[in-house]
Amino acid sequence: MVAAEAGQRVALFDKSDLGVATSGGWYGILHGGLRYLQSADLRRFRESIVSRRWFAANVAAHVAKMPFLMPLYGRGLKRPSVFRGAFLADELAGWDRNREVDHGLRITRGKVLNRSDTINLCQHLPQSHLQGGALWEELVVPDSQKFFGALIERAKSLGVAFFPSTEVSELLTSDNKVAGIKAQTLGGPNAVEVRAHLVVNAAGPWAWELNARLDPDRARKQPLALAFNMVLAPKAPAPVGVSLYPAVGDGDMLFLYPQGAQTFAGTWYVPHRGTADDQSVDQKDVDQFLTALNGSLNGIEYRSEDVVSIRSGLLPVVEAGTTRLASEDQVFDHGSAGGPKGFFTQVGVKYTTARLVAGRTLRAAKLLA
């Protein structure tokens with residue numbers, strides 16, 4: 001879509017449907033980058049602010065504002081004094097967060113609650129050593145199918161041609177320059193050939209597998225982790241989203257937020273050792289996730305039968321066999337490494353800022369200022 005907005009003619013091929021796989025398994029939060037202030041990563045913070053603002057301004061009908069609460073127990077950076085400073089920095093560095101955003105989606109400044117108000121907002125929080133809570137707002141996507149559908153319609157209005165269920169099979173070149181691609185409709189006899197001077201491999205977890213076919217001399221293995229979220233039948237433990245670190249296990253930060261009369265819970269990570277086509281979630285991993293949720297809240301007993309649906313996807317990690325997620329997006333110029341000029345591979349790490357990764361690729365290809 002970014003290329004189409006810049007006046008380029010664009011064709012998009014997907015061997016499945018758009019908005020599935022890793023994108024479909026996404027936890028539906030358009031983060032404003034507050035966590036990046038903890039590591040003084042102002043660049044990623046600003047990228048998150050700008051990206052979230054774009055979604056709020058351009059697909060406003062498909063996003064909603066939701067408060068999130070994090071209990072503060074005085075450990076590490078999870079202290080009231082630290083969050084007061086973080087919210088002040090968030091306000092100053094994100095001064096333009098609401099520019100061109102409708103009033104109902106404008107993000108207000110976060111605040112630190114006292115212990116009593118924190119408990120009143122979520123009575124299931126463990127109270128031992130609780131000092132208070134941090135309360136801030138994020139944008140969430142209530143219905144991911146409608147959200148992606150709106151983005152697709154916007155892209156079509158810009159002239160993007162879509163080819164779902166069509167797998168790219170060959171990169172066409174001339175004098176070591178990209179000339180286009182060949183693709184095959186899955187389950188059918190139709191072959192497609194498109195001439196182009198720029199080809200971007202944005203196949204997510206399949207990117208480097210696809211490169212083994214398109215540019216084998218520069219193909220490599222990308223270690224991945226399986227990430228999954230769950231929709232649970234019971235009502236959410238609070239009228240707001242709850243963000244907490246699991247008291248048991250070694251998972252990353254967990255989010256629970258109301259989704260109608262149900263609860264959206266995310267995210268749990270496990271090392272991935274299969275191919276990108278294998279994104280199945282084992283029952284033992286579901287059980288570990290439920291154990292982490294139950295052990296982090298009082299009076300909560302989520303069971304396997306409470307799981308309504310599971311959404312999974314694969315994310316790049318820095319080391320095979322671990323769940324240490326990569327923090328930096330990849331834009332690889334095959335031409336600069338001796339491969340076909342005009343061929344790029346991009347792999348993002350965060351859906352919120354995916355548009356900015358596309359912009360980096362277009363700038364590297366000198367199609368965007």
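Screening residues 169-213 for ring-ring contact (aromatic ring centres under 6.0 Å, His included) gives Trp208-Phe332 as the qualifying pairs, with residues at least two apart or on separate chains. Identified under the ring-ring contact (aromatic ring centres under 6.0 Å, His included) test for residues 84-124, with sequence neighbours left out: Phe83-Phe87.
Between the CG atom of Leu290 and the OH atom of Tyr302 there is a distance of 9.5 Å, given to the nearest 0.5 Å. The CG atom of Asn229 lies 3.5 Å from the OG1 atom of Thr267; values are rounded to the nearest 0.5 Å. If you take OG on Ser309 and CZ on Phe264, they are separated by 8.0 Å, rounding to the nearest 0.5 Å. In this structure, the separation between CD on Gln262 and CG on Asp306 is 10.5 Å, given to the nearest 0.5 Å. In this structure, Arg195 CZ and Ser174 OG are separated by 8.0 Å, a value rounded to the nearest 0.5 Å. One finds the CH2 atom of Trp136 at 12.5 Å from the OG1 atom of Thr108 (value rounded to the nearest 0.5 Å).
Closest of all the heavy-atom pairs between Thr118 and Gly132 is OG1-C, 3.2 Å. The minimum heavy-atom distance linking Thr345 with Ala207 is given by the pair CG2-CB, 4.0 Å. Between Val317 and Ala225, the shortest heavy-atom contact is CG1-CB, 3.4 Å. For the residue pair Ser243 and Phe255, the shortest heavy atom distance occurs at OG-CE2, 3.7 Å. Summarising the geometry of Ala276 relative to Pro205, their closest heavy-atom pair is CB-O, 3.5 Å, with the distance given to 0.1 Å. Summarising the geometry of Val10 relative to Ala4, their closest heavy-atom pair is CG2-N, 3.7 Å, with the distance given to 0.1 Å.
No donor-acceptor pair closer than 3.5 Å links the side chain of Arg311 to the backbone N or O of Tyr27. Side-chain N or O atoms of Asn114 include one that pairs as donor or acceptor with a backbone N or O of Ser116 at under 3.5 Å. Not a single donor-acceptor pair under 3.5 Å links the side chain of Arg97 to the backbone N or O of Arg52. In this structure, the side chain of Asn176 engages the main chain of Gly339 through a donor-acceptor pair within 3.5 Å. Judged by distance alone, the side chain of Asn98 and the main-chain N or O of Val101 form no donor-acceptor pair under 3.5 Å. Ser312 places a side-chain N or O within donor-acceptor distance of the main-chain N or O of Gln279, the cut-off being under 3.5 Å.
Taking the side chain as every heavy atom from C-beta outward, Lys350 and Glu47 never approach each other to under 4.5 Å. Between Ser51 and Leu30, the closest side-chain pair of non-hydrogen atoms is not below 4.5 Å. Residues Leu88 and Arg109 meet the side-chain proximity criterion, which asks for heavy atoms closer than 4.5 Å. The shortest distance between side-chain heavy atoms of Leu356 and Arg360 does not fall below 4.5 Å. The side-chain heavy atoms of Val141 and Phe55, taken from C-beta on, include no pair separated by under 4.5 Å. Looking at Gln222 and Leu224, their side chains come closer than 4.5 Å, going by heavy atoms from C-beta outward. Looking only at side-chain heavy atoms (C-beta outward), Val357 and Val331 come within less than 4.5 Å of each other. The closest side-chain heavy-atom distance from Asn201 to Asp215 is not below 4.5 Å.
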Using residues 233-241 as the side-chain source, report each donor-acceptor pair under 3.5 Å to any protein atom, sequence neighbours left out, with the distance given to one decimal.
none

Only distances under 3.5 Å count here; give the side-chain donor-acceptor pairs of residues 160-171 to other protein atoms, sequence neighbours excluded, each with its distance to 0.1 Å.
| unit_1 | atom_1 | unit_2 | atom_2 | d |
| --- | --- | --- | --- | --- |
| Thr166 | OG1 | Pro164 | O | 2.9 |
| Glu167 | OE2 | Arg213 | NH2 | 3.4 |
| Ser169 | OG | Lys182 | O | 3.2 |

Report all side-chain donor-acceptor pairs from residues 146-159 shorter than 3.5 Å, counting only partners two or more places apart or in another chain.
| unit_1 | atom_1 | unit_2 | atom_2 | d |
| --- | --- | --- | --- | --- |
| Arg154 | NH1 | Asn58 | OD1 | 3.4 |
| Arg154 | NH2 | Glu5 | OE2 | 3.3 |
| Arg154 | NH2 | Asn58 | OD1 | 3.4 |
| Ser157 | OG | Arg154 | O | 2.5 |

Between side-chain atoms of residues 66-80 and protein atoms elsewhere (two or more places apart, or another chain), which donor-acceptor pairs fall under 3.5 Å?
| unit_1 | atom_1 | unit_2 | atom_2 | d |
| --- | --- | --- | --- | --- |
| Tyr73 | OH | Pro126 | O | 2.6 |
| Arg79 | NH1 | Gly76 | O | 2.2 |

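Using a 4.0 Å cut-off between charged side-chain N and carboxylate O, Arg44 and Asp329 make no salt bridge. Classification of Glu301 and Arg303 as a salt-bridged pair fails, no side-chain N sitting under 4.0 Å from a carboxylate O. Note on Lys15 versus Asp277: salt bridge recorded, some NZ/NE/NH1/NH2 to OD/OE distance being below 4.0 Å.
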If you apply the rule salt bridge (Lys or Arg N to Asp or Glu O under 4.0 Å), what do you find for Glu328 with Arg43, and how did you get there? CA-CA 11 Å; Glu328 294 295 331; Arg43 177 185 64 83; 2.9 Å; yes
Test Asp333 against Arg218 for salt bridge (Lys or Arg N to Asp or Glu O under 4.0 Å), laying out the working first. CA-CA 10 Å; Asp333 180 355; Arg218 273 145 293 279; over 6 Å; no
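Grouping the Ile, Leu, Val, Met, Phe, Trp and Tyr side chains by contacts below 4.5 angstrom, directly or via other members, places Val50 apart from Trp54. Following chains of ILVMFWY side-chain contacts shorter than 4.5 Å, one cannot reach Leu198 starting from Phe343, and the two form parts of different hydrophobic clusters.
Under 3.5 Å, the side chains of Asp282 and Ser280 contain no donor-acceptor pair of N or O atoms.
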